Amino acid sequence: SELDQLMLFAITTQRTDFVKLLMDYGFDLKQFLTANNLRILYNSLDRKSGGYRLLMEKVERRKRKKEGRSKYGRGSVEEGARNIDQIQLPDVGSLLARIMQGSYKSIFNSERSKFENPTQTFDNPFDLMTVYCAL
């Protein structure tokens with residue numbers, strides 16, 4: 001929706017007053033924060049931030065691993081069709097587990113296929129947004 005696009009813009013450009021205004025007028029964060037929108041947010045992190053660099057290291061490792069599998073005839077066409085150059089939610093989960101030295105169990109590492117549905121919503125969108133903002 002147009003409101004979702006406005007919210008994405010406000011978040012990625014750090015327009016906190018506009019985000020607050022939308023929230024004050026009843027913007028539904030639970031409906032907005034789909035797996036696809038969360039991926040968009042992570043892929044729009046400031047390229048100079050430490051969180052972005054750490055996530056891109058995860059992406060590069062994942063790419064090398066998949067390239068190795070397809071090189072030897074393992075891996076599917078579906079795997080190759082996905083955009084492997086972008087941050088995926090399991091990359092975020094893996095990074096958080098590493099940062100928290102195993103004391104954090106990310107929802108993105110469990111039920112992996114669940115988060116491949118772009119319209120998947122989350123029970124605790126505020127928690128997820130807090131993690132996004134911290135990175």
Side-chain angles (χ1 to χ4, degrees):
S1 79
E2 268 186 49
L3 273 180
D4 287 355
Q5 292 304 313
L6 283 172
M7 181 59 95
L8 277 172
F9 175 78
I11 293 169
T12 58
T13 57
Q14 299 179 6
R15 305 279 167 86
T16 54
D17 289 343
F18 192 64
V19 171
K20 185 178 180 334
L21 180 70
L22 286 171
M23 298 300 291
D24 287 348
Y25 280 91
F27 185 85
D28 187 356
L29 190 62
K30 184 173 173 65
Q31 183 179 354
F32 161 77
L33 198 62
T34 61
N36 190 55
N37 282 346
L38 195 54
R39 273 191 292 270
I40 289 170
L41 289 172
Y42 277 109
N43 280 286
S44 65
L45 284 170
D46 181 353
R47 305 296 190 249
K48 297 174 191 166
S49 75
Y52 180 80
R53 287 194 307 271
L54 290 170
L55 284 166
M56 288 312 293
E57 287 174 12
K58 292 280 181 198
V59 170
E60 290 303 317
R61 277 196 289 278
R62 180 172 36 85
K63 281 173 46 178
R64 284 193 300 271
K65 193 175 186 182
K66 284 188 181 195
E67 287 168 359
R69 278 190 281 183
S70 63
K71 182 178 179 179
Y72 297 105
R74 293 177 279 175
S76 67
V77 173
E78 181 182 322
E79 283 180 327
R82 266 208 221 131
N83 190 346
I84 62 172
D85 292 329
Q86 291 192 341
I87 297 165
Q88 300 296 324
L89 298 181
D91 299 324
V92 176
S94 175
L95 175 63
L96 292 173
R98 189 178 109 207
I99 289 172
M100 301 297 289
Q101 298 179 348
S103 65
Y104 176 80
K105 182 163 174 41
S106 170
I107 62 170
F108 303 130
N109 289 340
S110 62
E111 301 177 43
R112 189 177 189 121
S113 62
K114 176 179 175 180
F115 303 108
E116 291 174 4
N117 174 358
T119 61
Q120 172 66 41
T121 58
F122 305 97
D123 293 333
N124 300 310
F126 289 97
D127 294 349
L128 295 173
M129 288 304 300
T130 301
V131 170
Y132 164 78
C133 290
L135 289 176

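Computed from a predicted structure; not experimentally measured.
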Give the minimum heavy-atom separation between [X] and [Y], together with the two atoms involved.
X      : Y      : result
Leu3   : Phe27  : O-CE1, 3.8 Å
Leu41  : Tyr132 : O-CE1, 3.2 Å
Phe122 : Ala35  : CE1-N, 3.7 Å

Before giving the answer on side-chain contact (heavy atoms from CB on, under 4.5 Å), spell out for Thr121 and Leu33 the whole-Å C-alpha distance, their side-chain angles and the decisive distance to 0.1 Å. CA-CA 6 Å; Thr121 58; Leu33 198 62; over 6 Å; no

State, yes or no, whether a side-chain contact exists between Asn37 and Ile40 at a heavy-atom distance under 4.5 Å. yes

Check: Met7 and Met23 side chains under 4.5 Å, non-hydrogen atoms: yes

Interatomic spacing from [atom1] in [X] to [atom2] in [Y] - rounded to 0.5 Å:
X      : Y      : atom1 : atom2 : result
Leu95  : Asp91  : CG    : CG    : 9.0 Å
Arg47  : Leu45  : CZ    : CG    : 8.0 Å
Arg62  : Gln88  : CZ    : CD    : 5.0 Å
Thr16  : Gln14  : OG1   : CD    : 8.5 Å
Leu89  : Gln120 : CG    : CD    : 10.0 Å
Leu135 : Leu96  : CG    : CG    : 6.0 Å

Determine, stepwise, if the pair Lys20 / Asp17 fulfils side-chain contact (heavy atoms from CB on, under 4.5 Å). CA-CA 5 Å; Lys20 185 178 180 334; Asp17 289 343; 5.6 Å; no

CD (Gln31) with more than 12 external heavy atoms under 6.0 Å: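 Atom CD in Gln31 is not packed in, count stays at 12 or less.
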
Evaluate the side-chain contact (heavy atoms from CB on, under 4.5 Å) criterion for residues Arg39 and Ile87: first the C-alpha distance (whole Å), next the side-chain angles of each, then the deciding distance (0.1 Å), finally the verdict. CA-CA 7 Å; Arg39 273 191 292 270; Ile87 297 165; over 6 Å; no

How would you list, by chain and number, every residue that makes a ring pair (Phe, Tyr, Trp, His ring centres under 6.0 Å) with Tyr52, sequence neighbours excluded?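 Once residues adjacent in sequence are excluded, Tyr52 has no partner under the ring pair (Phe, Tyr, Trp, His ring centres under 6.0 Å) criterion.
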
Scan Thr13, Asp24, Leu29, Ile11 and name whichever one has a side-chain contact (heavy atoms from CB on, under 4.5 Å) with Val19.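 Among Thr13, Asp24, Leu29, Ile11, the one that satisfies the side-chain contact (heavy atoms from CB on, under 4.5 Å) with Val19 is Ile11.
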
Find out if a path of hydrophobic residues (ILVMFWY) with successive side-chain heavy-atom gaps under 4.5 Å connects Phe9 to Phe32. no

With Asp46, which residues qualify under side-chain contact (heavy atoms from CB on, under 4.5 Å), at least two apart? Lys48, Ser49

Which is it for Asn36 and Thr34 under the side chain to side chain donor-acceptor pair (under 3.5 Å) test, yes or no, and what are the steps along the way? CA-CA 5 Å; Asn36 190 55; Thr34 61; 5.3 Å; no

Whether Asp123 and Lys30 form a salt bridge (side-chain N of Lys/Arg under 4.0 Å from carboxylate O of Asp/Glu) is what I want to check. yes

